[in-house]
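A note on names: the letters A, B, ... follow the listed sequences, proteins ahead of strands, and every chain is numbered from 1.
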Number of protein chains: 2
Amino acid sequence: MNSFAPTEQRLAVTCRRQPAFPREPAVLVRLVKHLHKRVHDAANATLKPWGISHPEYNILMMLYGTEGYTLNPSQLAEAAGEKSANITRLADSLCDKGLVERTASDADRRKVSLSLSRAGLAMIDEFMPSICALLERQTAGLKPAETAQLERLLKKFLTQLEQD
Amino acid sequence: MNSFAPTEQRLAVTCRRQPAFPREPAVLVRLVKHLHKRVHDAANATLKPWGISHPEYNILMMLYGTEGYTLNPSQLAEAAGEKSANITRLADSLCDKGLVERTASDADRRKVSLSLSRAGLAMIDEFMPSICALLERQTAGLKPAETAQLERLLKKFLTQLEQD
DNA sequence: TGTATTTATTTCATATATGAAATATATGGT
DNA sequence: ACCATATATTTCATATATGAAATAAATACA
């Protein structure tokens, strides 16, 4: 019995009151919300010693996962699932902390390049053991086959959500 | 090919650079983030004609799914996955709109009761067709057996996340 | 070339969310 | 009854996120 039980109870009541209400889709959507909250809060707690937030961590990791450690704000917005106005703010914060460098692009002068700095790389190396441990713990309850199956189904779900 | 492909590419680079980085857990976490964003944005767009946000909708639906249409702020915080300070603000907004009523509890005078008003119930009946259509569309790509399997695996994942 | 349109980013006002302190009531032990 | 502690909610300062307008450069094409 987990914290989701009351949610299921409420969905049962809702279905009784609204016969057209589709239970299964609603369960999935509420599960995604609960999962996201847990993941977000746990990441923030883990990263607190380094003085960065989960969204800031995501920006760093998007750059880290890119050949050349560099992306434009618009690529970063797409990659990190943030609005571009928010990327500006997050990039400002990371530049202030010396973790990211902002340079004008030569080829297209509308563009801006955001690159991981030496300090940014060093910080990633520092928090990586804690992050790896966190990720391992979070999926410790799932067998490898279940993880793979979950990945497959979530991708299918995401593909559908992107249709609209 | 969906919008998640670049994310996978970045994870591959990350794994190359950090051999200890656990790919599978990271994929799941990033999928949850992408899914949450899509669900949140789609719900906000659907609800816009009624002048309420997705978090406000969630509050209304938590009350709707409760016998007696009434919960305390703390129950609501747990149910909706919001911090209690945020519940106060959301409840204020919903009270201002006349959708929720706030009354002091008699039994325990520290407590407050938040109840769906007649107008709140009426609004739920109004937006319900749009919400049902949205939910159906969002899961249209999944077969019933896949939906059931996904529900099972997400619950298992959530249970694990709640261990810490 | 000149100018309209599109693309990239930032600015700014506003909306939304959080932690910590403040307020008020309840409960348990003496 | 009294006081210490626990619980429920709100307040307030601050952090975080968004939409729309502003800015600036690239592109299309008459």
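The phosphate of dT10(C) has OP1 or OP2 within less than 4.0 Å of a side-chain N or O from R102(A). Applying the 4.0 Å criterion to OP1 and OP2 of dT9(D), one finds that R89(B) has every side-chain N and O outside that range. Note on R110(B): every side-chain N or O is 4.0 Å or more away from OP1 and OP2 of dA26(C). Contact check, R109(A) against dA24(D): no side-chain N or O comes under 4.0 Å of OP1 or OP2.
The closest donor-acceptor contact from the side chain of Q138(A) to the backbone of V39(A) lies at 3.5 Å or more, if one exists at all.
A salt bridge links K155(B) with E8(A): at least one charged nitrogen is closer than 4.0 Å to a carboxylate oxygen. By the 4.0 Å N-to-carboxylate-O rule, E146(B) lies close enough to R152(A) to be salt-bridged with it. Using a 4.0 Å cut-off between a side-chain N of Lys or Arg and a carboxylate O of Asp or Glu, E67(A) and R10(B) do not qualify as a salt bridge. In summary, K33(B) and E82(A) engage in a salt bridge, as defined by a charged side-chain N under 4.0 Å from a carboxylate O.
Taking atom CD of E82(A) as the reference point, atom P of dT9(C) lies 16 Å away to the nearest angstrom. dT16(D) atom P lies 17 Å from atom NE2 of H40(B), rounded to whole Å. Per the geometry, CG belonging to N44(A) stands 14 Å off P belonging to dA15(D), to the nearest Å. H54(A) places its NE2 atom 17 Å from the C1' atom of dA15(D), with the value rounded to the nearest Å. Atom CD1 of I87(B) is separated from atom C1' of dG19(C) by 16 Å (rounded to the nearest Å). Regarding L114(B), its CG atom lies at a distance of 14 Å from the P atom of dA8(D), rounded to whole Å. Summarising the geometry, the separation between NZ on K111(A) and P on dT6(C) is reported as 18 Å, rounded to the nearest angstrom. One interatomic measurement links the two molecules: NZ of K83(B) to P of dT10(D), which rounds to 17 Å at whole-angstrom precision.
Each of G81(B) and D92(A) was matched to the nucleotide of DNA chain C holding its nearest heavy atom; the match closer to the 5' end belongs to D92(A). Between N86(A) and A85(B), it is A85(B) whose nearest contact on DNA chain D lies nearer the 5' terminus. Nearest-nucleotide mapping onto DNA chain D: of E56(A) and A107(A), the residue sitting toward the 5' end is E56(A).
Across all strands, D108(A) comes closer than 4.0 Å only to sugar-phosphate atoms, never to a base (heavy-atom distances). Residue S74(B) is in sugar-phosphate contact alone, with no base atom involved, counting any heavy-atom pair closer than 4.0 Å across all strands shown.
Closest to the side chain of L90(A), from the set dA17(D), dT10(C), dG19(C), is dA17(D).
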